[in-house]
Amino acid sequence: MRTRIPELPDTETQMEYFMDFSAGGFGRLLFRWIENEMEELPDVYAKKASDSILCFMRTAESPRTKPAK
């Protein structure tokens, strides 16, 4: 996996924290889908969730701009 994502956490503990966090998020997305009576097809819901997560991650990674004075 490090060849695909070279900036992975250095320690096993960091990886475990990330995996727990990711699993919790996945569980919440699954719960939300069920709560909404699974109106969307699984692949459609997964695509929307994935796109939303990637959009947020890109926004968080972009350089911060200073407010105009």
Side-chain angles (χ1 to χ4, degrees):
M1 187 181 278
R2 286 201 184 278
T3 57
R4 290 182 54 216
I5 308 171
E7 297 172 6
L8 283 175
D10 292 332
T11 69
E12 195 68 27
T13 302
Q14 287 175 317
M15 182 61 84
E16 288 172 4
Y17 285 151
F18 176 75
M19 289 170 36
D20 289 346
F21 175 79
S22 296
F26 174 77
R28 181 63 188 123
L29 284 169
L30 181 60
F31 180 80
R32 178 189 205 104
W33 181 61
I34 293 168
E35 191 175 52
N36 290 325
E37 300 178 0
M38 300 174 277
E39 293 176 355
E40 297 176 289
L41 294 173
D43 58 331
V44 172
Y45 187 75
K47 175 79 169 116
K48 287 182 180 181
S50 178
D51 288 349
S52 297
I53 293 165
L54 290 173
C55 178
F56 177 78
M57 289 173 67
R58 283 188 205 108
T59 301
E61 289 175 353
S62 66
R64 307 266 184 221
T65 56
K66 294 181 181 179
K69 291 184 178 182

For the atom pair OG1 (Thr11) and OH (Tyr17), what is the distance rounded to the nearest 0.5 Å?
8.5 Å
If I take atom CD from residue Glu12 and atom CE from residue Met19, how far apart are they, to the nearest 0.5 angstrom?
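Here the interatomic distance stands at 7.5 Å.
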With a 3.5 Å cut-off and sequence neighbours excluded, list the donor-acceptor pairs that the side chains of residues 26-34 form with protein atoms.
from: Trp33; atom 1: NE1; to: Glu40; atom 2: O; distance (Å): 2.9

Short side-chain to backbone donor-acceptor contact, Ser50 and Ala46, under 3.5 Å
no
Evaluate whether atom CD of Glu37 has more than 12 neighbouring non-hydrogen atoms of other residues, nucleotides or ligands under 6.0 angstrom away.
no
Please list, chain by chain and in numerical order, all residues satisfying salt bridge (charged side-chain N to carboxylate O under 4.0 Å, His left out) with Asp51, sequence neighbours excluded.
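By the salt bridge (charged side-chain N to carboxylate O under 4.0 Å, His left out) rule, Asp51 matches Lys47.
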